[in-house]
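One structure is given here, and the rest of the page talks about it.
Just so we're on the same page: letters track the sequence lines, and every chain starts at 1.
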Amino acid sequence: MNGDNVGPNFIRDIVEEDVRANRDGGIVVTRFPPEPNGYLHIGHAKAVCLDFGMALDFGGRCHLRMDDTNPSKETEEFVEAIKTDIRWLGFDWGDHFYYSADYFRKMYDIAEELIRHGHAYVCGLSQEEWKTYRGVPTAPGTPSPHRDRPADESLDLFRRMRAGEFADGELCLRSRIDMASPNIHFRDPVLYRILHTPHYRAGDSWCIYPMYDFAHPIEDALEGITHSLCTLEFEVHRPLYDWVIDRMDELGMLKSVNGVKIRPRQREFARLNLSYTIMSKRKLQQLVAEKRVSGWDDPRMPTLAGLRRRGYTPEAIREFARRIGVTKFESLTDMALLEHCLREDLNRRAPRAMAVLRPLKLVIENYPDGDEETFDAVNNPEDPAAGTRKVPFSRELYIERDDFMENPPAKFHRLAPGREVRLRYACYVTCTGVEKDSAGNVTAVLCKFDPQSRGGGTPDGRRVKGTIHWVSARHAVPAEFRLYDRLFTKENPADESDGSPFVDHINPASLETVQGWVEPLMAFAAPGTPVQFERLGYFCPDLRDAEPGKAVFNRSVTLRDSWARAMKAGKED
RNA sequence: UGCCCGAUGGUGUAAUGGUAGCACAACAGACUCUGGAUCUGUUUGUCAUGGUUCAAAUCCAUGUCGGGCAACCA
C-alpha cells in the first residue's frame, strides 16, 4: 500500500499507524478545504499534494470542499479557479466536491442541540466588551453576564437571530466551555455571528453564519474524514476541534462506515515558505490590487495560475512537493529547488529549438548570397524518439550579442576576431572582421565558413571550443521574449520586522521584455507547450498573449550557466 | 512572563536507542555539436548544559533561540 505520491514524513507515519491499528476501520479519507477568497499558490500545492497524495497512497479518497463560511470575501470566480488549478495539478476528487454552505442547515440544527444540552448560549456582549471578559493569555477570563441564560431563552434568541431580528454584532452564539482555560480558544468561543450579507452560494437565506472552529469539525464529521490535515496555526484550535467532535459524538452524528464510527482527527504541519517570494493571500491580493503585477496569473506570481503561465509543469510541482517533505518546522525553502525540479522535468521532455534574444547580424562572406540549405537538428538529445528537424541556413544569420566579443577574456569560447566556432548543427565559421556604426558599436560580424564542416565536423578532426546558436535572418520569425526573474530581491520579503514593507523589495528587473527571432517552426508552437531554446533556457508561448502571427514566449527558467556564474564570480581570467 | 509547537551542514529533509544519510546549493574535475545534460569528487551538521543507558540526534530535566495563540477571519 506504499505509493510514492508522498515521501516519508510524520503525517504518513501517523496515518500508517492508524491504518495498522484498524482505527476508523482502516480507511483513509482526507480533505482539501480552501476558502474561495483567492487563488491557490504553491503553498496550497504542498497541502493538495499531501491531502490527495495520502488518500492515493492508502487507497482512500480526498474530498474537495469550499470552506465558505464567511460570505463577505468569497466568490464563485475563486471556486472555479481553485477547481481548475487542482485538476491541472493532476488530482481528482471524483464525486466528493462539497461546500460548507451546503451544511448551513445542519449546522444550525446542531447549534440548537448544543443550546438545549447547555453547551452554548446567546451572548449580548459587544466585541469591545468581550475583549475585557475574555482576558489575556496570561490571565483567566471572566464569564459573560449571559453565560447562565436559560436554554429556553437562548433558543428563542438564537431563532430570532436567524429570523433577522437583530443587527450585525448585536448578539452571538457562544459555546460554554471554560473561561479560565490557559488556551484562549477554550474561553467560550463564538459559534455563530450575525452577518446580514448575502452568500455567493446560499444567497440571502441566512443572516447568521457559523465560525470556522464550529463549522470545520462538523463538515469533517459529516463527510467521514479520518485525517483532517491543516497548517500549524490551527494547532491551538485542536482542543476545540475535538470538543465539537465530542459533541457530535454525543448527538450520535458521527458518520459510520461498515458499522465503524469515524472520528476525525486534526493533524498540523508547517506551511511552505519559499525564498524571494511571498505566500500570504492578503499580500498577493495586494500585488494584484495595486497593479504591481498584471494579475493573479502574472508569471511572476507564486500562484498555480502564475506558475502555469510561466511554464511550470504539474509534474515539476508535485516532485517539488515530494522533495520538501512535511514537518512541523517552519522553514524557508530555497527557490533553487523548485527551479531544479522544473529543469529536471523539462530537460527530459521539452523539445529543443533555436532562438536569438538579443540579435547581432552575422554575415558569411564566402557563402553565396542567394543560396540556402537546411541542416538536421536533434529535437531532444535526452529522447531519441523525438527525432530531428530541418533548420534553414543562409548567408545572413542572427547570433546572440553575448556570443561575440571584440576583446574577449582568455576563457571565452565563443566568437571573436580570428576565432573559429561551430554554428550549432551547421558548420564552422571564423570571424574575419566586424562592421561598426559611427558610435563604434558592432553592427555585424563578418565570417568565412569552412565548406568541409557542413553538419558540424571536419575531415581533419580539428576541434572548436565553442558552439553557438543562430537563426537564419531570411527565415527567422520575429518573437517577443518575456524574461522573468524572482519577484523580490529580498530572501524573505514577508519578514517586515525591519520596518520595510514587502512591496519595497519588488525586483525592478523581475520582467524584461526583448524582441528577437525564432526558427520558423516555432511560429506554430501551441500556447503553454514547453520548449528549450538551446543555451538559453526553457520557454513557453504565453497562454494569454501568444496567437497565430504573434509569437510571445515566457522564460520559465534559465539553463544552468556555468559561464555566467564564473563571470559573476569574477573568475573569467 | 500564561498555553501550544519547534530546533540535524548554506537550504530542505532522513535516521523512530546501535556507522549521522539523501537532495538542492557551492566548489573542483571528467565528458560533451547546448559553457546544457550526464558522471566523479570535495567542503560544511545533531541549539546548550546536565541526566538515564553498554550505547542518545533520538528518552528525561533545565536553559537558549524561533514560531503560534488575546477576529463575531480562515
Determine the interplanar angle of the A:F32 and A:H44 rings, folded into 0 to 90°, and report it as parallel if under 30°, tilted if 30 to 60°, perpendicular if over 60°.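 If you compare the ring of A:F32 with that of A:H44, the planes turn out perpendicular.
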
In terms of ring plane angle, is the pair A:Y108 and A:W206 parallel, tilted or perpendicular, where the classes change at 30° and 60°?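 It falls in the tilted class, 30° to 60°.
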
Under 4.0 Å between a side-chain N/O of A:S562 and OP1 or OP2 of B:G36, yes or no?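 It does, given that an N or O in the side chain of A:S562 lies less than 4.0 Å from OP1 or OP2 of B:G36.
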
Phosphate OP1/OP2 of B:U13 contacted by A:T327 side-chain N/O (<4.0 Å):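 Checking B:U13 against A:T327, a side-chain N or O does come within under 4.0 Å of OP1 or OP2.
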
Set of residues satisfying ring pair (Phe, Tyr, Trp, His ring centres under 6.0 Å) with respect to [X], sequence neighbours excluded:
X	result
A:Y192	A:F158, A:F214
A:Y209	A:F104
A:F166	none

Touch check for [X], heavy atoms < 4.0 angstrom, all strands: base, sugar-phosphate only, or nothing?
X	value
A:R238	nothing
A:R322	nothing
A:P381	base
A:L191	nothing
A:R187	nothing
A:Y425	base

Considering only the [atom1] atoms, how many Å lie between [N] and [M], rounded to the nearest integer?
N	M	atom1	result
B:A25	B:U40	P	15 Å
B:A56	B:A48	C1'	15 Å
B:U58	B:U46	C1'	10 Å
B:A57	B:G17	P	13 Å
B:C39	B:U44	P	24 Å
B:G66	B:U52	C1'	28 Å
B:U1	B:G12	C1'	34 Å
B:U11	B:C47	P	13 Å

Sequence neighbours left out, what passes salt bridge (Lys or Arg N to Asp or Glu O under 4.0 Å) with [X]? Give chain and number order.
X	result
A:D67	none
A:E129	none
A:D102	A:R201
A:D188	A:R147

Test ring pair (Phe, Tyr, Trp, His ring centres under 6.0 Å) applied to A:Y398 and A:W470, A:F404, A:W517, the passing residue: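 Only match with A:Y398 under ring pair (Phe, Tyr, Trp, His ring centres under 6.0 Å): A:W517.
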
Should B:A71 be called syn or anti, with syn set as within 90° of 0?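 This nucleotide is in syn.
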
Go along nucleotides 67-74 of chain B 5' to 3' and tag each nucleotide: B for a protein heavy atom under 4.0 Å from its base, S when only backbone or sugar atoms are that close, - otherwise. SBSBSBBB

I need a per-nucleotide contact map over nucleotides 56-65 of chain B, read 5' to 3'. Cutoff is protein heavy atoms under 4.0 Å; write B for the base, S for backbone only, - otherwise. ----------

Start at the 5' end of RNA chain B and walk down; is the nucleotide closest to A:G325 or to A:L536 reached first?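 Nearest nucleotide further toward 5': that of A:G325.
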
Encoded 5' to 3' (Watson-Crick or G-U under 3.5 Å; [ ] crossing; | other strand), RNA chain B becomes .((((((..((((....[..)))).(((((.......)))))....(((((..]....))))))))))).....

What do you reckon, are the aromatic ring centroids of A:F234 and A:Y241 less than 6.0 Å apart?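 Not close enough - the centres of the two rings lie 6.0 Å or further apart.
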
With ring centroids as reference points, do A:Y428 and A:F449 lie under 6.0 angstrom apart?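 Between A:F449 and A:Y428, which both carry aromatic rings, the centre distance is not below 6.0 Å.
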
Just the rounded figure in Å: distance from C1' of B:U8 to NZ of A:K328.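 From A:K328 NZ to B:U8 C1': 18 Å.
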
Distance check needed: B:U13 P versus A:I324 CD1, whole Å only.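 Roughly 8 Å, once rounded to whole Å.
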
Once side-chain hydrogen bond (donor to acceptor under 3.5 Å, both in side chains) is applied, do any residues pair with A:T489, and if so which ones, sequence neighbours excluded?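 A:T489 satisfies side-chain hydrogen bond (donor to acceptor under 3.5 Å, both in side chains) with no residue once adjacent residues are dropped.
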
So, under a plain 3.5 Å distance rule, would you say the side chain of A:Q532 forms a donor-acceptor pair with the base of B:U34?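 Such a pair is found, so the answer is yes.
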
Test for a donor-acceptor pair under 3.5 Å between the base of B:G6 and the side chain of A:E268, counting only N and O atoms.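 Between B:G6 and A:E268, which were checked side chain against base, a qualifying N/O pair under 3.5 Å is absent.
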
For nucleotides 23-25 of chain B, tabulate all protein N/O to nucleotide N/O atom pairs closer than 3.5 Å, reporting atom names and distance.
residue : atom : partner : partner atom : Å
B:A23   : O2'  : A:R323  : NH1          : 2.9

Scan side-chain atoms only and decide if A:Y39 and A:E77 contain a donor-acceptor pair under the 3.5 Å cut-off.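 A donor-acceptor contact under 3.5 Å links the two side chains.
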
Using ring-ring contact (aromatic ring centres under 6.0 Å, His included), reason through A:F539 and A:F533 one step at a time and then give a plain yes or no. CA-CA 7 Å; A:F539 291 73; A:F533 289 138; 4.9 Å; yes

